[in-house]
Enquirer: 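My questions all concern the structure below.
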Amino acid sequence: MDQETVRTICYLARLQIDEDKAQKIESDLETIIEMIGGLQAFDTENIQPLYSPLEKTAFMHEDIENSDNQKEKFLQNAAASNEDYFLVPRVVE
Amino acid sequence: MVWETVIGIETHVQLSTKTKLFSRASTEFGKSPNTNVNLIDCGLPGVLPSVNKEAFYKAIRFGLAVGAKINQTSIFDRKNYFYADLPKGYQITQMDLPIVLGGTLDIETEEGIKTVNITRAHLEEDAGKSIHDQFDGYSAIDLNRAGTPLLEIVSEPEISSAKEAVAYMKAMHQLVTYLDVSDGNMSQGSLRCDANVSVRKVGDTELGTRTEIKNINSFRFVEKAINFEVKRQIKQLENGETVTQETRLYDSIKDETRPMRSKEFANDYRYFPEPDLVPVTVTEEQVNEIRSAMGEPPSVLRKTLADRWKIPANDAGVLVNQGPELVRYFEDLATRVGEGKVASNWMQQDVLRTLNERGGNITDFPVRPEAVADIIARVQKGDFDTSRGREIFASVVEKGASVAEVVAGMGIAAVDDGDLRALCEELIAENPKIVADVKGGKEQAAGGLIGKAKRKNPNVNPAKVRALAIELIQALP
Amino acid sequence: MSIQFKTIRELRDMLDTKAISCEELANDTHKLAEDLKELNCFVTMNKDASIEKSKIIDQAEKADSVLSGIPLAQKDLFCTEGLRTTCSSKILSNFIPPYTATAVMKLESAGSITIGKTNMDEFAMGSSNETSYFGNVHNPWKKGYVPGGSSGGSAAAVAAGIVPAATGTDTGGSIRQPAAHCGITGIKPTYGRVSRWGMIAFASSLDQAGPLARSAEDCAILLNEMSGHDSKDTTSLDIESTDLLHTINQPIKGLKIGIVKEFSLGDLDSEVQNRFEDSKKLYESLGAEFVEISLPNISASVPTYYSIAPAECSSNLSRFDGVRFGHRAENTDDLNDLYIKSRSEGFGDEVKRRILIGTYALSAGYYDAYYKKAQQVRRLIKNDFALAFESIDLIMTPTSPGTAFAFGSKGTQNPIELYLEDLFTISSNLAGLPAISIPHGKVNSMPAGLQLIGNFLREDQILNAAHIFQQNSSFHLDKPSMEEF
């Protein structure tokens, strides 16, 4: 697994690995990826992926409001908020 | 160097459901921040999405109206990326198996009707809103909009100019409002347009590099943004430069497009099927129910009405544009009257005009087709003329009384033949010049008597007055 | 009268005969938890609210359900309104949910009292309860030894006799394996049997909630209450609920039990094999018949699981971004910096590893080879089971290839070592099948577990087989001495 790939997936996941742990984690990742690579040995031609153990279809709900808004509680849980909004460092688009 | 423009449009239509796509929070516009948010919309740990049936039905209605294939089984996928207004860190959308596939939309161009092919349309949830300039050093997040159902409609790159793009958006707007799929309000964000624009030399078959102009929110800006972008790309290419594939925003104040802040790494959305939502299936029966409930799509309906009632295409268009309820009203009236053109005239000149003045919709309009038909019948019978009929109509609307009551109240009564004769004789006696003209062969001069006749008795039928006056004058020695 | 090590039935008796009041029971439970806090099986105690509830129950004329007043521990993966819920992670160390998970609500509506939230592997990722932000949980049978994971705290709380039962979650064996390592009973139901609403998601298509208790019968009591369709969870099954106690006593003569050829039990530790043989003999003496079956693709279980679970978790854990709840890093330059720092500070190493693997498995260019491939192999595994179940009623395996080990002695060099702990349990999560673990003796003086895997929706059958085993043996009655604590 090259450095570039590791950096990319770390960024996609918004994770930073500490310098002192970097090597161990990278080698762990390689080990695991090698292990899961063992799947290639299995013949899956014409096999549909099984995304959920249930072969059922979704129940759909009616378009009726059932609001359980708890604005204060939601905002309180946030590390930064005012009485109306969640706050984050300013984004420049 | 002659250049041609190639445009593909992605329209994001906010569906007019009462609640969100995956939660039962309200979608009502204009509420105070973070109040249309429930546990699911907040993306709290442990919450699960649940599908809104009405959103599906609206999407299917759209698909049927554009003649698309409805995928009875459709799957939701996760599109993974990080942004402050995306609470879960992924958007639930549809990738491989969207609800609608294909279809067409007719647009009005200067050269006539052009058919644009639609690639697909799928359901996805909207993100919340970020406000960047209200709080010093912070961006504020409002999740009211997060989870609102969107139908993303993708066109083939078959649009050839900014004007056509506007026509496409207008046709889309008309269609989705007609179908009650969306309120189509661009300024409120119910209808958003992303335009993929590229240019190439005429004769080239390969597409040029395209840029995406995002989130254009008015018809006017669609035209201006595309015009600017086309000019910009042509200029670049003529200078020997290449067009960079990128996303751009339209700045309406400066009337220019500019690139969005470039991201360090290209975004890999890592789509995979949403494991919290098993596939959604709609049965053949349900699709048929939706199909029969919605009636014909507007493009077909315009033609049907024009043919069925022998009215000009334009008239049919005006009526259809008002929506299915008004079409129903018109057809009820036309059936009663037995004739299309007259009914159509009354619809446009009286019903629609009054409706627009008063506001409200046709279902609440106090004057029902039978009343209008009554007035028309009386005009045709000769009880009074059309302009009198209009007055009666206005009065019925204003007073809320019945036609008969208004007619009686205005003292409109049929003028019996004896009185009519007497009145004509009076007129003849009083207007020797007109008599002389008519006698001399100018029958149209008799028209001058009509106004005077009405002043004597407003209930006279002008045609009858004219005919009788001419008859009497001719009979004079 | 000591309440330690009592079963639900025994406590019910004590309450009904007024040998003890609910309030006394609740207080005694809290005292016991306090005395044994060295086990570190609880993250948050629910003292005030639980005492309040016990008082209210005492005021009622008589108990209206078997669980009325019974103290339970809830795994700290279930959202509990007003009561801190952490998933044993720093990133949620201050999170107070505004709502309660359906499974917990059902148990509380049935009258049970939530004593506290139990420690676990961080975000349920682990097989030894060594990844918790709040420190390791001790196995009540031996200090300094793991209880198994990820529901280590729940298993320890039950094994130590603090509570008669607890809830856990099982994604790859996280109920069954700690139950085995701690000498108690734990069942993972059929996928979709119990609502996942309020259960903080690790791997959505694999996670299931279930009970841990001192017997199959007690598990059935809890599972009866926890099960049921929930319209808030579209993956929950809309089926008639059945009383799992109704058939629990049925004789098992003629029961066909399959032994999986490909599991090569002959390669396991000889003591593990001996326990397995002993249990086989017991079942034969009770009338069961054993058949060798083949699950040809079963060796793919571990790689399949470790492609799918990390992929789903990498997405499920994206919501932990420091914006609306949970730990937010200080001194960040911009939004991206906030994400990166908050998440990196808030997640432990195992969680980060799995998120990275998952991100990789889903990324462009790798999706087909890893995630999609794994889901295809998953179908092969499911089909194997379906075929096998045409000729047998249940499948029997050891729950784990080994028993509880000393802290830090496995997986520190090579993470795969720990992943292989789940060898026998993982496949039932992939196929969505129900499976139970019951204690069946000791291996090197530590508890060992026997696993029964049932067909789709046949919890009744595995509970029945487990119960009959327990009626004819006494392993589930063994108690740790607790001298070290």
Side-chain angles (χ1 to χ4, degrees), chain A residues 1 5-6 8-18 21 24-29 31-54 56-61 68 70 72-81 86-92, chain C residues 95-96 98-99 191-192 205 231 234-235 237-238 297 300 302-304 306-307 314 321-328 332-341 343-344 347 349 352-353 355-357 359-361 363 369-370 372-380 382 414-416 419 430-432:
Chain A
M1 231 180 139
T5 309
V6 176
T8 306
I9 61 170
C10 280
Y11 181 73
L12 286 174
R14 300 299 188 273
L15 289 175
Q16 196 175 57
I17 316 278
D18 295 332
K21 289 186 181 159
K24 170 85 180 26
I25 293 211
E26 275 171 42
S27 89
D28 282 347
L29 294 181
T31 310
I32 298 167
I33 287 164
E34 200 188 317
M35 185 262 285
I36 64 182
L39 289 175
Q40 297 308 311
F42 291 83
D43 180 11
T44 51
E45 183 139 354
N46 297 324
I47 302 287
Q48 280 301 309
L50 183 69
Y51 296 116
S52 167
L54 302 173
K56 75 187 275 268
T57 58
F59 160 83
M60 293 197 273
H61 67 250
D68 56 6
Q70 302 175 64
E72 267 154 40
K73 279 214 182 112
F74 294 159
L75 291 171
Q76 254 168 41
N77 255 318
S81 62
F86 300 99
L87 297 174
V88 295
R90 185 150 177 272
V91 177
V92 180
Chain C
F95 177 60
I96 315 265
Y99 76 111
Y191 184 86
S205 74
S231 62
T234 61
T235 61
L237 289 165
D238 194 357
N297 295 289
V302 173
T304 301
Y306 281 99
S307 304
S314 70
D321 56 10
V323 174
R324 289 146 294 117
F325 51 82
H327 172 75
R328 185 193 283 207
T332 53
D333 300 328
D334 57 30
L335 188 61
N336 262 334
D337 201 32
L338 185 142
Y339 287 147
I340 294 170
K341 291 211 172 87
R343 289 163 62 81
S344 305
F347 288 136
D349 287 346
K352 282 185 186 146
R353 244 193 305 267
I355 291 176
L356 291 173
I357 293 289
T359 306
Y360 182 78
S363 60
Y370 292 109
K372 184 168 174 202
K373 181 81 180 174
Q375 297 285 34
Q376 287 172 301
V377 176
R378 180 181 191 172
R379 188 178 287 281
L380 292 178
K382 182 177 183 201
N414 183 352
I416 308 222
Y419 296 169
L430 293 171

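Lettering follows sequence order; numbering is per chain, from 1. Since the structure is predicted, the reported quantities are computational estimates derived from the model, not experimental observations.
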Enquirer: Which one, D18(A), I32(A), T31(A), leads in non-hydrogen pairs under 4.5 Å with chain C?
Expert: I32(A)

Enquirer: What pair of heavy atoms forms the shortest contact from G322(C) to A79(A), and how long is it?
Expert: O-CB, 4.5 Å

Enquirer: Do you know the tightest heavy-atom contact between L338(C) and T332(C)?
Expert: CA-CG2, 3.6 Å

Enquirer: If you count heavy-atom pairs under 4.5 Å between each of Y191(C), F325(C), F95(C) and chain A, which one has the most?
Expert: Y191(C)

Enquirer: Give the minimum heavy-atom separation between R14(A) and N336(C), together with the two atoms involved.
Expert: NE-OD1, 2.8 Å

Enquirer: Checking heavy atoms, do the side chain of I17(A), its backbone, both or neither come under 4.5 Å from chain C?
Expert: side chain

Enquirer: Pick one of side chain, backbone, both or neither for T304(C), based on which atoms fall under 4.5 Å of a heavy atom in chain A.
Expert: both

Enquirer: Taking side chain as everything from C-beta outward and backbone as N, CA, C, O, which of these in A431(C) sits under 4.5 Å from a heavy atom of chain A? Side chain, backbone, both or neither.
Expert: backbone

Enquirer: Among R353(C), K372(C), H327(C), which residue forms the greatest number of heavy-atom pairs with chain A at distances under 4.5 Å?
Expert: R353(C)

Enquirer: Any non-hydrogen side-chain atom of Y339(C) less than 4.5 Å from a side-chain atom of V323(C)?
Expert: yes

Enquirer: Between N414(C) and chain A, which part of the residue has a heavy atom less than 4.5 Å away: side chain, backbone, both or neither?
Expert: side chain

Enquirer: Let's go through R343(C) and I355(C) carefully: what are the C-alpha distance in whole Å and the side-chain angles of both, what is the deciding distance for side-chain contact (heavy atoms from CB on, under 4.5 Å) to 0.1 Å, and is it a yes or a no?
Expert: CA-CA 11 Å; R343(C) 289 163 62 81; I355(C) 291 176; 4.1 Å; yes

Enquirer: Using a 4.5 angstrom heavy-atom cutoff, name the option from K73(A), K56(A), M35(A) with the most pairs to chain C.
Expert: M35(A)

Enquirer: What pairs of donor and acceptor atoms, side-chain ones from residues 36-45 of chain A against any protein atom, are under 3.5 angstrom apart with sequence neighbours left out?
Expert:
| from | atom 1 | to | atom 2 | distance (Å) |
| --- | --- | --- | --- | --- |
| Q40(A) | NE2 | A369(C) | O | 2.9 |
| D43(A) | OD1 | E45(A) | N | 3.1 |
| T44(A) | OG1 | K373(C) | NZ | 2.9 |

Enquirer: Please report the shortest heavy-atom distance between P49(A) and R379(C), naming the atom on each side.
Expert: O-NH2, 3.3 Å

Enquirer: Which bit of Q70(A) comes within less than 4.5 Å of chain C, counting heavy atoms only: side chain, backbone, both or neither?
Expert: side chain

Enquirer: Are Q375(C) and R378(C) linked by a side-chain donor-acceptor pair shorter than 3.5 Å?
Expert: yes

Enquirer: Does any backbone or side-chain atom of Y99(C) lie under 4.5 Å from a heavy atom of chain A? Answer side chain, backbone, both or neither.
Expert: neither

Enquirer: Is there a side-chain contact between D334(C) and V91(A), using heavy atoms and a 4.5 Å cut-off?
Expert: no

Enquirer: Is it the backbone or the side chain of L356(C) that comes under 4.5 Å from a heavy atom of chain A, or both, or neither?
Expert: both

Enquirer: So which residue, A13(A), C10(A), S81(A), ends up with the most heavy-atom pairs under 4.5 Å with chain C?
Expert: A13(A)

Enquirer: Count the heavy-atom pairs under 4.5 Å between each of G432(C), P415(C), G192(C) and chain A, then report the option with the highest count.
Expert: P415(C)

Enquirer: Considering only heavy atoms and a distance below 4.5 Å, find which of L430(C), D337(C), T359(C), D333(C) pairs most often with chain A.
Expert: T359(C)

Enquirer: Is it the backbone or the side chain of I416(C) that comes under 4.5 Å from a heavy atom of chain A, or both, or neither?
Expert: side chain

Enquirer: With a 4.5 Å limit on heavy-atom distance, are the side chains of S344(C) and K352(C) in contact?
Expert: yes

Enquirer: Does any part of the side chain of F59(A), heavy atoms only, come nearer than 4.5 Å to the side chain of D238(C), both counted from C-beta?
Expert: no

Enquirer: What I want to check is whether the side chains of N77(A) and R324(C) have a donor and an acceptor closer together than 3.5 Å.
Expert: no

Enquirer: For F86(A), is it the side chain, the backbone, both or neither that has a heavy atom under 4.5 Å from a heavy atom of chain C?
Expert: side chain

Enquirer: Chain C: which of I25(A), T57(A), V88(A), L54(A) shares the most heavy-atom pairs with it under 4.5 Å?
Expert: L54(A)

Enquirer: Is it the side chain or the backbone of S27(A) that comes within 4.5 Å of chain C heavy atoms, both, or neither?
Expert: neither

Enquirer: When heavy-atom pairs shorter than 4.5 Å are enumerated against chain C, which of L87(A), L75(A), T5(A) gives the highest number?
Expert: L87(A)

